Amino acid sequence: MKKSLLFVAIAILLGTQLHAQILTPVKWSYGFKKISKGEAVIFMKATIEEGWHLYSQTLKEGGPIKTTFTFPASKSYALVGKTIEPTPITRNEKVFSMDVSFFEHSVVFQQKIKLKTGQATVKGTVEYMTCNDKQCLPPETIEFSVAVK
Amino acid sequence: MKKIILITFCLLPFLIKAQSGYTITGKVGALNPPAKAYLVYMAQGKKVIDSVEVNNGAFQFKGSVQSPVSAGITIKHDAAPFGKNIDVLGLYLENANIKVSSPDSVKRAIIKGSIINDENKELNRTLKPLKDKINALKIAWTGVKPQPENPAYVKAADSLRKMIAEEKAIYMNFIGSHPNSYIALLSFNNIALGYNFDPKVAEKEFNKFSAALKASDLGKQETEKIAMAKKRENGATAMDFTQNDVNGKPVKLSDFRGKYVLVDFWASWCGPCRAENPNVVKAYNQLKGKNFEIIGISLDDKKDPWIKAIAHDGLPWVQVSDLKGFKNEVALQYGIDAIPQNVLVDPNGIVIAKNLRGDELLTKLSALVK
């Protein structure tokens, strides 16, 4: 599976947030893979700079802001299940008195979809926050769009 | 000879006019359809994708950009969907006649005709030996928790610090010697305007850039960032604000005149802020009853976690928030783009210190507050 991840490199923009922020420790790229005639998996990959953390989707309240993917309803496809993520690193963080799950270096989130018309443009947003051991940057919401053919 | 110069000068306006857009002329091997070339970049917050067929390895993109942007050129070598071996080249796109050529794949292409890409290459070449060493060291210590008692760890941390300082010096040297370079302006944004930068030092350096660069979008943003930082710089009158406390009661900074006030930006979800809190509590308890107060400004957007964090960390001082997250109006006013940050205001309402953390906070405060 890992080897067949099909990243649409045209979406890899090394510095798309060039002007947005001083620091851009997390960069996103997207891709898809057709798994059958009517189904596909959308990949959302975060590349995270050394020392920075991106948080799991499953974080409880009271700690860092979790990563959230949102896909608006569409006529051309339907979501199958939730956005899945690999097993994060989990640490009990004293400052929050709770377990905090996060990713470092890189992580690929996956969303399975059912195609209604054979092809679809999957639009979505990801909201995330990133911190290192010294500071946290503002949560960001990024829009993305993946053309599944 | 003179004639040639004259002609060149006459041509100059035309040459400049011809540069009003970009032309990317590519040549990658001898590829033919269905091979396709894609150009992707962001312009004014929107993704721009252009694609053309590749004929005998050749392709061309034309367009224009308001200011230089980073872009990607991807070559799809055959009709199959994008496979795991994606052939992509990252480059800067500027209005110039850019030539991209490679005998086999675009990722190995040589870029010509673009000053920005040349300068980027020059900078990267200078940085590479050091970056390789830094990466090797980081990889060797990845996932290792701080071990202050381990001499090997201390040595590694020390040499990393030195190398990072050295890296910064290379950037600053490049910036200083390239006042007309967009890459220098970009590096300046990353290196000289980071967390807790000194606006006076930054302004002096920034002023060395050419007028054209200063007038670019990025140049304007940097000017604004420096201006913003100056407003919270030592010696500046602290910008007044009013925000509600946990009970909805307005709290106004200027009402604290006559006291030293630490304006502390934090949030419940910010680990480094929470880790700093015990230190702030310690300082507060030692100086309690003297002419000293703390106003905690939370960049939370929900009340519940905010209140819980105040209770959990035992923060006795006044806490305010408009629950707008990083869009907190006081944070915007003070140009806070990462937390934790703090500003120390003296009894006359003048900023006298900022971002005091760790032991420095108590040392500085004890020296001032009697």
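Quick caveat, the model's predicted, so the values are computed rather than measured. In the text below, chain A, chain B and the rest are named by the order of the sequence lines, each starting its count at 1.
- Closest of all the heavy-atom pairs between A:Val95 and B:Asp313 is O-OD1, 4.2 Å.
- For B:Ala275, the parts sitting under 4.5 Å from any heavy atom of chain A are the backbone and the side chain alike.
- Between B:Phe326 and A:Cys136, the closest heavy-atom pair is CZ-O, 3.9 Å.
- Within the 4.5 angstrom heavy-atom criterion, no atom of B:Asn135 approaches chain A.
- Atom NZ of A:Lys82 sits in a sparse spot, with 12 or fewer heavy atoms from other residues, nucleotides or ligands closer than 6.0 Å.
- Nearest heavy atoms, B:Trp269 versus A:Phe96: O-CZ, 3.7 Å.
- Counting non-hydrogen atoms of neighbouring residues, nucleotides and ligands closer than 6.0 angstrom, the CD atom of B:Gln333 exceeds 12 such neighbours.
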Legend entry - Test log, rule side-chain contact (heavy atoms from CB on, under 4.5 Å), inputs B:Lys302 and A:Glu61: CA-CA 10 Å; B:Lys302 291 186 197 89; A:Glu61 261 203 2; 3.2 Å; yes

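- Considering every non-hydrogen atom in both A:Gln135 and B:Pro272, the closest pair reads N-CG, 3.5 Å.
- For the atom pair A:Ile65 CD1 and B:Cys270 SG, the distance stands at 9.5 Å (nearest 0.5 Å).
- Taking every heavy atom of both residues into account, B:Pro340 and A:Lys134 meet most closely at CD-O, 3.5 Å.
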